[in-house]
Amino acid sequence: MRTVVPRAARGVFGPRFAHSCAAATRSPNRLSKSLGSGSSPNLSLALGTRTGSRGLSSTARRRDDKVDENENYDEYQRKWSTPLAEQLGKAISATGPVPLASFMRMCLTGDMGGYYTGAIEKGRDQFGLKGDFVTSPEISQVFGELIGIWFVAEWLAQGRQKQGVELIEVGPGRGTLMSDVLRTIQKFPAMADSIDAVYMVEASPELRGAQKKLLCGEDAAMTESKVGSHSVCKYMSVPIVWTENIKSIPTSAEKMPFVVAHEFFDALPIHAFECVTVPPTQSIPQDEADRSSPSTKTSQPTLQWRELLVSPTPPESTHETLHTPPSQSRDTPPPDFQLTIAQAATRHSLYLPESSPRYRAIKSGAGPGALIEVCPDASLYASDFAARIGGSAQHPKRKPSGAALILDYGPGDGTVPTNSLRGIRRHRRVSPFAEPGLTDLSADVDFAGIAEAAARASEGIELHGPVEQGTFLQIMGIQERVKALVAAAKARADAGDKEAEGYAADVEKAWKRLVDRGPGGMGKVYKVMAMLPENEGRRRPVGFGGNVSVEE
């Protein structure tokens, strides 16, 4: 989504979800393993041939890899919109419908054609006006500068630690945000000298290359270690380390980590569930001699969660037959996939919706038809942030230190996101199931879920927010910083710099876009949450109701 800010995400998938003919689900990281209770089809048949509307039945009709002379084999072929779509379609035909999280993971970070890792379009750049979306740091340098100022303010408030400071960014894109943060911190020599390392958590080799060029210089040397790839920052002589996973970053009780996650959580894979009424499985009291599990035998209807799974759309489908919203059907082929609902419980539906009292309350309160989205990866990252800042049983920390800033979009009122998955391509909303690998996928962030996971992971942290991005940026002084930039640009224009006048106009336009609180405006839709060391409520951070303070 990025700067293509969504309306309410209702109705993204068109009409009522179709019911699946299979109850199989799969491991999030393995496309070749069926977790369903039914029998698995022959994988060599399913993956070794092209299947169509008849799925495996069309494959089974082939004998010895030869097509019967009287058989119109073209009927069983279908055109997929991308190579990744074909790969996913064959795998699903073999294993059955897959969890939405598995689909998202493959579409975004799959090795063969993933949106961020596949690079199946030569020279493709997801970011910027020529890409699919523009992020806040790309809109204005002031955004990253204010994030840097926020970290400086926290460093001051927590006692000006002289060494052991770490900067960590997850999902750093092209590196624009970190570049502006480092350029800003450079102006505060005492904090700059306290930084031991900068960590960039990035899965894409192409993006790691772009980040290295921006932060270190095109000709800067790169070395490898068991932690990741290393180079040296061009703004200050500190190492920059790239890792594929935040778990690769060493944890130390002496470190002061400052973490930023900007438009990161929205791209993490989600599971989706619908509450259904399950009819009774027995009509008479259970016999005392019957030792089977009571959870599988009920004499009354029960409420259960059913997982929403991804399956291929019928061949020859059109936007009309799939009821694709008109706004999402321009200039794109019909979706290759659709959501279905599992006919039986999956391992995810048995655990994830029961993992929080918020989800359980929705089932008992809203009842049948209720929808929820759950992001296990978000809980893992939130827990990691919390443990680094506040310590944990596994990694005790005598004195909690550091901070995390999370900037993303999603409900800020504690509600659980529902039906929020969206696709973005060329700055427009498209079906999230069209052109897999070429379409950016994102979903609303459950800020309350992040806070719940973080508080559970560490007793040494506290959460503030979320607050609207417009409010946060204005409190941080965006208007004052823009006035200074505009004044400097006008001075250059008066001195004969013809480009400076246009720059001043661009700066004015950009900051207003970032704080816009109109319907769908970035200043309203985007939220900001802060994670700090526990201080029993004695101090609120800047941007969340507090003032700049210095711990003596």
Side-chain angles (χ1 to χ4, degrees), residues 146-147 149-151 153-158 166-171 246 251 255-266 268 355-359 361 373-395 397 399-417 444-473 475-476 524-549 551:
L146 295 181
I147 302 302
I149 291 295
W150 191 86
F151 284 130
E154 274 305 308
W155 176 76
L156 291 170
Q158 295 182 38
E166 298 174 329
L167 297 181
I168 302 173
E169 183 175 5
V170 290
I246 196 169
T251 301
K255 300 295 184 181
M256 175 182 277
F258 289 110
V259 186
V260 60
H262 175 254
E263 290 201 58
F264 171 76
F265 281 91
D266 68 274
L268 296 178
S355 63
S356 167
R358 297 166 64 230
Y359 307 147
E373 294 170 354
V374 182
C375 183
D377 284 6
S379 296
L380 294 176
Y381 275 94
S383 298
D384 184 278
F385 297 173
R388 290 178 187 276
I389 296 168
S392 64
Q394 185 178 2
H395 299 286
K397 196 168 184 177
K399 181 180 179 181
S401 63
L405 202 60
I406 299 168
L407 306 99
D408 227 309
Y409 50 85
D413 57 0
T415 58
V416 178
D444 284 358
V445 174
D446 184 0
F447 284 99
I450 289 175
E452 186 178 48
R456 189 166 54 239
S458 175
E459 295 182 354
I461 60 97
E462 63 184 31
L463 284 304
H464 295 266
V467 299
E468 293 180 356
Q469 176 175 288
T471 299
F472 174 79
L473 293 177
I475 293 175
M476 289 299 301
K524 182 178 182 63
V525 173
Y526 283 79
K527 311 294 193 306
V528 187
M529 173 179 278
M531 187 184 301
L532 300 183
E534 169 63 43
N535 65 75
E536 299 179 351
R538 294 188 301 272
R539 179 181 68 84
R540 299 180 66 84
V542 181
F544 298 84
N547 297 316
V548 176
S549 59
E551 181 179 299

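We find the CG-CD1 distance between L463 and I461 to be 4.5 Å, quoted to the nearest 0.5 Å. In this structure, CZ in F265 is found 4.5 Å from CD1 in I406, a value given to the nearest 0.5 Å. Annotation: the span from M531 atom CE to I450 atom CD1 amounts to 8.0 Å, rounded to 0.5 Å.
Screening residues 454-473 for salt bridge (Lys or Arg N to Asp or Glu O under 4.0 Å), with sequence neighbours left out, gives E468-R517, E468-K524. Within the structure, the salt bridge (Lys or Arg N to Asp or Glu O under 4.0 Å) test picks out no pair touching residues 406-417 (sequence neighbours left out).
The two atoms that bring H395 and T251 nearest to each other are CG-CG2, 3.9 Å, heavy atoms only. Residues G460 and P400 share a closest heavy-atom pair of O-CB, 3.5 Å. D446 and P417 get closest at one heavy-atom pair: CB-CD, 3.7 Å. Contact record, L532 with A403: CD2-CB, 3.7 Å, taken as the closest heavy-atom pair.
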Please assess L473 against L146 for the test side chain to side chain contact (heavy atoms under 4.5 Å, CB included), listing each intermediate value before the final yes or no.
CA-CA 7 Å; L473 293 177; L146 295 181; 4.0 Å; yes
Could you check I168 against F258 for side chain to side chain contact (heavy atoms under 4.5 Å, CB included), going step by step and ending with a plain yes or no?
CA-CA 6 Å; I168 302 173; F258 289 110; over 6 Å; no
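Listed by chain and residue number, nothing satisfies the side chain to side chain donor-acceptor pair (under 3.5 Å) test with Q394 (two or more places apart in sequence, or in another chain). With sequence neighbours excluded, the residues satisfying side chain to side chain donor-acceptor pair (under 3.5 Å) with S401 are K397. Under the salt bridge (Lys or Arg N to Asp or Glu O under 4.0 Å) criterion, K255 pairs with D196, not counting sequence neighbours. For E154, the side chain to side chain donor-acceptor pair (under 3.5 Å) test picks out Q158, R539, with sequence neighbours left out.
The backbone N or O of G414 sits less than 3.5 Å from a side-chain atom of R358, completing a donor-acceptor pair. Side chain of T471 to backbone of V467: no donor-acceptor contact under 3.5 angstrom is found. Between the side chain of R538 and the main chain of N535, a donor-acceptor pair closer than 3.5 Å is present. With hydrogens and angles disregarded, no donor-acceptor distance shorter than 3.5 Å links the side chain of S383 to the backbone of A457. With W150 contributing its side chain and V542 its backbone, the two residues share a donor-acceptor pair below 3.5 Å.
Contact check for E166 versus M256: no side-chain heavy atoms found under the 4.5 Å cut-off. You'll find the side chain of V528 stays beyond 4.5 Å of the side chain of P466, heavy atoms only. Under the 4.5 Å side-chain criterion, counting only non-hydrogen atoms from C-beta, L407 is not in contact with E263. In this structure, the side chains of I147 and L405 come closer than 4.5 Å at one or more pairs of heavy atoms. The shortest side-chain heavy-atom distance between P411 and D444 falls under the 4.5 Å cut-off. Residues K527 and Y409 have side chains not in contact (no heavy-atom distance under 4.5 Å, counting atoms from C-beta outward).
Ring centroids of F264 and Y381 are separated by less than 6.0 Å, placing the two rings close together. Checked against the 6.0 Å centroid threshold, F472 and Y526 do not count as a close aromatic pair.
E452 pairs in a side chain to side chain donor-acceptor pair (under 3.5 Å) with only one of the listed residues (S379, S355, S356), which is S356.
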